[in-house]
Amino acid sequence: MRGNDDEMLAAARAALREDPYGLVIEDLRTGGLMNVALEAAASGHLVVGGFSAHTATGAIDRIIDLYAPEFRRQVQLALADSLRGVIVQVLLRKAGGGRVAARELLLNTPAVSSAIAEGKTSQLPMAIEGGRRYGMMPLNDALVGLVQSGTVEAREAYRQTTDRGGLLAALQRHGVDTSFVEKLA
């Protein structure tokens with residue numbers, strides 16, 4: 001769906017009246033549109049929504065911030081119950097030209113659900129780190145993999161991460177030269 005806020009809200013509501021299997025909303029930018037998405041998810045519909053966020057934690061925070069403080073607790077509980085996952089994608093310049101995606105993956109495990117319900121989204125990065133056995137992946141892991149394979153230069157990965165210190169430490173653990181950072185200073 002595309003259009004202004006009112007058109008998107010009307011289209012989302014109309015689509016749900018058709019009893020679809022799923023609903024795809026390109027840009028979840030208003031509380032009203034998010035309400036429709038949460039209601040659809042709660043009733044068993046697959047909902048795929050998009051918006052700009054640099055991390056999975058940032059995506060969750062952005063959803064919660066769409067609402068006035070008095071409604072945030074309800075939204076946190078709805079997200080904790082209905083959310084299945086968050087995929088954050090960053091496009092990087094490939095070493096040989098073109099672009100490649102690096103992704104962070106957050107899945108709604110009991111630890112993630114609890115952190116969201118309690119409004120402790122600052123704990124989500126640690127939940128992602130601890131959730132590797134469930135298939136979760138921090139963005140820095142994806143970036144390190146792309147650097148190690150030679151697909152992306154370390155400088156490009158550094159430019160795209162939100163956790164530069166963590167990325168540098170991971171690159172160094174894997175024997176990647178990080179002297180380019182000194183040249184940036």
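Heavy atoms only: backbone and side chains are in, while hydrogens, waters and symmetry mates are out. Since this is a predicted model, take the numbers as computed values, not measurements.
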Atom of [X], atom of [Y] and distance for their closest heavy-atom approach:
X      : Y      : result
Gly49  : Leu28  : CA-CD1, 3.6 Å
Ala56  : Leu106 : CB-CB, 3.8 Å
Pro138 : Arg132 : CG-NH2, 3.5 Å
Leu171 : Ala154 : CD1-CB, 4.2 Å
Gly58  : Ala53  : C-CB, 4.0 Å
Met137 : Arg103 : SD-O, 3.9 Å

Is the backbone of [Y] close enough, under 3.5 Å, to the side chain of [X] for a donor and an acceptor to pair up by distance?
X      : Y      : result
Glu7   : Asn4   : yes
Arg164 : Tyr158 : yes
Gln89  : Ala101 : no
Tyr67  : Gly31  : yes
Asn108 : Asp81  : no

If we only count heavy atoms from C-beta on, is the [X] to [Y] side-chain gap below 4.5 Å?
X      : Y      : value
Val112 : Gln123 : no
Val88  : His54  : no
Ser114 : Lys120 : no
Leu79  : Val75  : yes

Linking I/L/V/M/F/W/Y whenever their side-chain heavy atoms sit closer than 4.5 Å, directly or via other members, would [X] and [Y] fall into one cluster?
X      : Y      : result
Val100 : Leu91  : no
Met126 : Leu107 : no
Phe180 : Leu167 : yes
Val181 : Val176 : yes

(request) Evaluate the side-chain contact (heavy atoms from CB on, under 4.5 Å) criterion for residues His45 and Asp19: first the C-alpha distance (whole Å), next the side-chain angles of each, then the deciding distance (0.1 Å), finally the verdict. (result) CA-CA 9 Å; His45 294 87; Asp19 194 28; 3.5 Å; yes
(message) Working note: Asn140 + Glu104, criterion side-chain contact (heavy atoms from CB on, under 4.5 Å); need CA distance, chi angles, decisive distance, verdict.
(response) CA-CA 8 Å; Asn140 279 349; Glu104 178 172 77; over 6 Å; no
(message) Let me confirm one number: the OG1-CG distance from Thr30 to Asp6, rounded to the nearest 0.5 Å.
(response)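 Nearest 0.5 Å value for the OG1-CG distance: 8.5 Å.
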(request) Working to the nearest 0.5 Å, report the span between CD1 of Ile25 and CE of Met34. (result)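 The CE atom of Met34 is 8.0 Å from CD1 of Ile25, to the nearest 0.5 Å.
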(request) Kindly indicate, with the supporting measurements, whether the criterion side-chain contact (heavy atoms from CB on, under 4.5 Å) is fulfilled by Leu124 and Ile60. (result) CA-CA 9 Å; Leu124 293 177; Ile60 299 296; 4.0 Å; yes
(message) Please evaluate residues Thr121 and Asp61 with respect to the criterion side-chain hydrogen bond (donor to acceptor under 3.5 Å, both in side chains), reporting the C-alpha separation (whole Å), side-chain torsions for both, the decisive distance (0.1 Å), and the verdict.
(response) CA-CA 7 Å; Thr121 57; Asp61 286 338; 2.6 Å; yes
(request) Check the pair Phe51 / Ile63 against side-chain contact (heavy atoms from CB on, under 4.5 Å), numbers first and verdict last. (result) CA-CA 9 Å; Phe51 47 86; Ile63 291 169; 3.4 Å; yes
(message) I'd like to know whether CD1 of Ile87 has more than 12 heavy-atom contacts from other residues, nucleotides or ligands below 6.0 angstrom.
(response)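 Counting neighbours around CD1 of Ile87, 12 or fewer heavy atoms of other residues, nucleotides or ligands fall under 6.0 Å, so no.
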Return all side-chain donor-acceptor pairs below 3.5 angstrom for residues 143-152, not counting sequence neighbours, or 'none' if the list is empty.
from	atom 1	to	atom 2	distance (Å)
Ser149	OG	Gly145	O	3.3
Ser149	OG	Leu146	O	3.0
Ser149	OG	Thr151	N	3.4
Ser149	OG	Thr151	OG1	2.7

